[in-house]
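Here's the structure, in structure tokens; my notes come after.
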Protein chains: 2
Amino acid sequence: MGRWQSDSRGRLQEAALALYAARGFDQTTAAEIAARAGVTERTFFRHFADKREVLFGGSDLLQEQIVTGVVQAPGEWGAFDAVAAGLDAAAAMLGELRRDLSRRRQAVIAANPELREREMAKLADYATAVAVALHQRGVGEPQASLAALAGMTVLRVALDLWASGSDERDLPTVMRESLAELRAVTAGD
Amino acid sequence: MGRWQSDSRGRLQEAALALYAARGFDQTTAAEIAARAGVTERTFFRHFADKREVLFGGSDLLQEQIVTGVVQAPGEWGAFDAVAAGLDAAAAMLGELRRDLSRRRQAVIAANPELREREMAKLADYATAVAVALHQRGVGEPQASLAALAGMTVLRVALDLWASGSDERDLPTVMRESLAELRAVTAGD
DNA sequence: AGCCGTGATGTCAGTTACAGACATCACCCT
DNA sequence: AGGGTGATGTCTGTAACTGACATCACGGCT
């Protein structure tokens with residue numbers, strides 16, 4: 001908690017989400033977001049590298065969760081089972097969020113190509129980190145990258161399903177179900 | 001073949017690749033690329049939506065190839081087998097390119113986060129198109145999205161392997177091998 | 001041959017996303 | 001009470017795009 005007016009960063013995130021949802025991403029300027037949060041444009045860019053990043057606040061934490069899940073999986077488990085453990089950890093963390101907020105956020109992201117681009121980039125980053133963790137478990141290439149990327153595919157699809165509202169079950173359940181579906185699909189149908 | 005000095009677009013692509021490789025992506029301005037190609041900055045942005053897009057020239061064609069491959073796969077094949085047919089088509093097309101050029105291009109992309117972001121976005125677009133094609137074959141959700149995204153994972157890994165040079169076999173072979181590896185990894189190790 | 005439509009390009013001006021340099025100022029520690 | 005620190009404001013600059021308008025080579029039509 002800073003010594004200034006509390007939590008500029010958090011207020012910027014809320015302001016951005018509200019404005020992106022109301023006017024759309026490109027119709028919103030960084031200066032407008034800053035004004036709504038009661039700070040300067042310069043302060044916005046000190047907290048977030050660019051206009052998109054403001055929507056991806058907790059992504060570092062999430063990556064940590066996933067990697068930790070992979071690392072802590074029993075050593076005798078196969079590569080993809082370890083990734084599945086990482087996905088469980090991710091689901092546990094994301095499932096804590098208020099579902100309406102997640103829905104709102106996902107809707108904003110889905111509505112804009114640049115934001116979708118950033119989301120894919122985040123998933124690719126997670127996959128890279130997961131692949132590194134798999135290497136430390138003795139998994140080679142290209143198996144590590146394939147397992148990691150396949151896992152991120154499951155994460156994306158499950159999150160879409162959960163946040164888009166067609167599926168009312170909780171996130172960990174949807175995640176496990178999606179993973180089973182991927183296994184079935186690649187097995188040969 | 002335009003009626004003007006031939007192929008501004010092509011010259012812009014070459015100029016961009018050369019400059020990005022030499023100075024790096026952010027150290028290169030659109031004006032510099034345009035100057036090297038003998039046109040104006042404005043012309044650059046008429047041919048390419050943004051600075052990154054100039055490196056992804058044939059992506060529309062590639063998407064067409066992939067989708068066509070999926071659509072033309074025998075109707076009784078499963079979802080992932082149809083995707084595999086699309087990957088064969090992609091490998092056939094990409095394999096035609098001069099390998100040193102592909103290597104050069106991949107190296108430039110790998111060196112810059114924004115370009116990697118765009119590459120992931122392209123793959124996501126292909127996946128969306130493939131999922132639509134799968135729907136028309138009667139595949140439901142989330143199976144279609146999972147199969148399509150898993151396929152794009154294989155494409156990415158195989159392309160990296162091929163272009164990064166550690167694997168000297170031809171692209172269709174590397175692609176099929178990677179697909180087999182994914183099947184093995186998700187099957188349970 | 002001469003006129004005319006068309007599409008690719010040049011020119012110009014404007015908006016906005018970002019980034020560096022420097023000043024400020026509330027808070028904490030001593 | 002005074003100095004250090006980190007978050008913020010201010011000012012200024014670069015470069016990625018974008019819209020509006022002029023131009024001009026070419027190909028077709030008469």
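Being a predicted model, the structure only gives us computed values, none of them experimental. Letters A, B, ... mirror the listed sequences (proteins, then strands); counts begin at 1.
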* Stretch residues 42-57 of chain A: residues that reach within less than 4.0 Å of DNA chain D through a heavy atom -> A:Arg42, A:Thr43, A:Arg46, A:His47

* For the pair B:Asn112 and B:Arg52, evaluate side-chain contact (heavy atoms from CB on, under 4.5 Å) and give the outcome as yes or no after the intermediate values. => CA-CA 10 Å; B:Asn112 188 278; B:Arg52 309 174 210 172; over 6 Å; no

* Mind calculating the distance between CD (B:Gln27) and C1' (D:dT14) to the nearest angstrom? => 13 Å

* Asked: To the nearest Å, how far apart are B:Leu115 CG and D:dA16 C1'?
  -> 14 Å

* Looking only at side-chain N and O atoms, does A:Thr29 come under 4.0 Å of OP1 or OP2 in C:dT15? -> no

* **Whole-Å gap separating C1' (D:dA16) and CG (A:Asp26)** => 14 Å

* Asked: Rounded to whole angstrom units, what separation is found between the CZ atom of A:Arg9 and the C1' atom of D:dG6?
  -> 16 Å

* To do: Would you kindly give the CD-to-P distance between B:Glu41 and D:dA15, to the nearest whole Å?
  => 10 Å

* **B:Arg9/B:Asp7 salt bridge by N-O under 4.0 Å criterion** => no

* Please tell me if the side chains of B:Val67 and B:Val70 come closer than 4.5 Å, counting only heavy atoms from C-beta onward. => no

* Asked: Between C:dA17 atom P and A:Arg118 atom CZ, what is the distance in whole Å?
  -> 14 Å

* Asked: Roughly how many Å is it from CG in A:Leu12 to P in D:dA7, rounded to a whole number?
  -> 14 Å

* Salt-bridge contact B:Lys122-B:Glu53 (side-chain N to carboxylate O under 4.0 Å) -> yes

Under 3.5 Å, side-chain donor or acceptor atoms of residues 12-21 of chain A against the rest of the protein: list the pairs with distances, not counting sequence neighbours.
| unit_1 | atom_1 | unit_2 | atom_2 | d |
| --- | --- | --- | --- | --- |
| A:Tyr20 | OH | A:Lys51 | O | 2.8 |

* Please state how far atom CG in B:Asp7 lies from atom P in C:dG7, giving the value in whole angstrom units. => 19 Å

* **Carboxylate-amine/guanidinium contact B:Asp100 B:Arg104, below 4.0 Å** => no

